[in-house]
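Worksheet: one structure, shown below.
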Amino acid sequence: MAETTGGSSAEIAALSFDDALAELQRTVAELEAGGQPLERSIALYERGVALHERCAKLLAEAQLTVKQLVNRAGGALEAIDVESAGPTEAE
């Protein structure tokens with residue numbers, strides 16, 4: 001049985017990042033599949049927006065936490081660009 005698209009903002013606000021992201025992915029997949037009545041599509045879209053906002057808020061909080069940790073370490077921590085670092089050889 002399909003989950004309802006309802007759900008209060010309190011329910012969404014209680015979701016962890018991983019849960020909110022998974023729910024957002026399911027919501028987007030259902031929207032992309034199409035075939036829903038207009039009212040259902042609108043409800044799905046509204047839920048998707050709320051889930052996106054939840055994920056963005058949690059990511060911003062995580063970024064702030066990391067910045068505070070770096071500042072606390074006196075800036076000694078450096079970001080590593082893993083894409084340009086390339087593979088390392090085993091010792």
Side-chain angles (χ1 to χ4, degrees):
M1 176 181 248
E3 294 180 26
T4 63
T5 57
S8 67
S9 57
E11 177 246 337
I12 290 174
L15 293 174
S16 69
F17 176 80
D18 291 330
D19 291 341
L21 182 59
E23 183 63 28
L24 178 58
Q25 290 170 333
R26 285 190 294 271
T27 301
V28 169
E30 189 172 346
L31 274 168
E32 287 177 342
Q36 297 87 9
L38 178 61
E39 294 79 13
R40 173 112 175 115
S41 294
I42 292 170
L44 284 167
Y45 188 84
E46 288 174 341
R47 181 161 178 83
V49 168
L51 289 163
H52 175 270
E53 289 172 351
R54 174 68 177 157
C55 289
K57 179 179 185 266
L58 292 171
L59 283 174
E61 289 171 359
Q63 183 179 22
L64 179 59
T65 299
V66 169
K67 283 183 180 181
Q68 290 171 341
L69 290 170
V70 169
N71 288 339
R72 198 177 311 156
L77 302 176
E78 295 180 19
I80 299 172
D81 184 0
V82 293
E83 290 181 11
S84 66
T88 58
E89 295 182 28
E91 294 181 22

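What's counted below: heavy atoms across the whole structure, side chains too, no hydrogens, waters or symmetry copies.
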Checklist line | Set of residues satisfying side-chain hydrogen bond (donor to acceptor under 3.5 Å, both in side chains) with respect to Glu61, sequence neighbours excluded | finding: Lys57
Checklist line | Reported OG-to-CD distance for the pair Ser9 and Glu53, which is rounded to 0.5 angstrom | finding: 10.5 Å
Checklist line | Smallest separation among heavy atoms of Leu31 and Gln36, with atom names | finding: O-OE1, 4.3 Å
Next item on the list: Using atom types as modelled and distance alone, determine if a side-chain donor or acceptor of Arg54 lies under 3.5 Å from a backbone N or O of Ala13.
Entry: yes
Check: Between CG of Leu21 and NE2 of His52, what distance do you get to the nearest 0.5 Å?
Finding: 10.0 Å
Check: Would you call Gln68 and Leu64 a side-chain contact if the rule is heavy atoms closer than 4.5 Å?
Finding: yes
Checklist line | Which residues share a side-chain hydrogen bond (donor to acceptor under 3.5 Å, both in side chains) with Ser16, sequence neighbours left out | finding: Asp19
Notebook entry, point to check: In terms of hydrophobic clustering (I, L, V, M, F, W, Y; side-chain heavy atoms under 4.5 Å; direct or indirect links), are Val28 and Ile12 co-clustered?
Noted result: yes
Next item on the list: Quick one: closest heavy-atom pair of Leu51 and Glu23, and the distance?
Entry: CD1-CG, 3.4 Å
Margin query: Between the side chains of Glu30 and Arg47, is the shortest nitrogen-to-carboxylate-oxygen separation below 4.0 Å, so that they form an ion pair?
Written below: no
Next item on the list: Please check if atom CZ in Phe17 has more than 12 non-hydrogen atoms from other residues, nucleotides or ligands closer than 6.0 Å.
Entry: yes
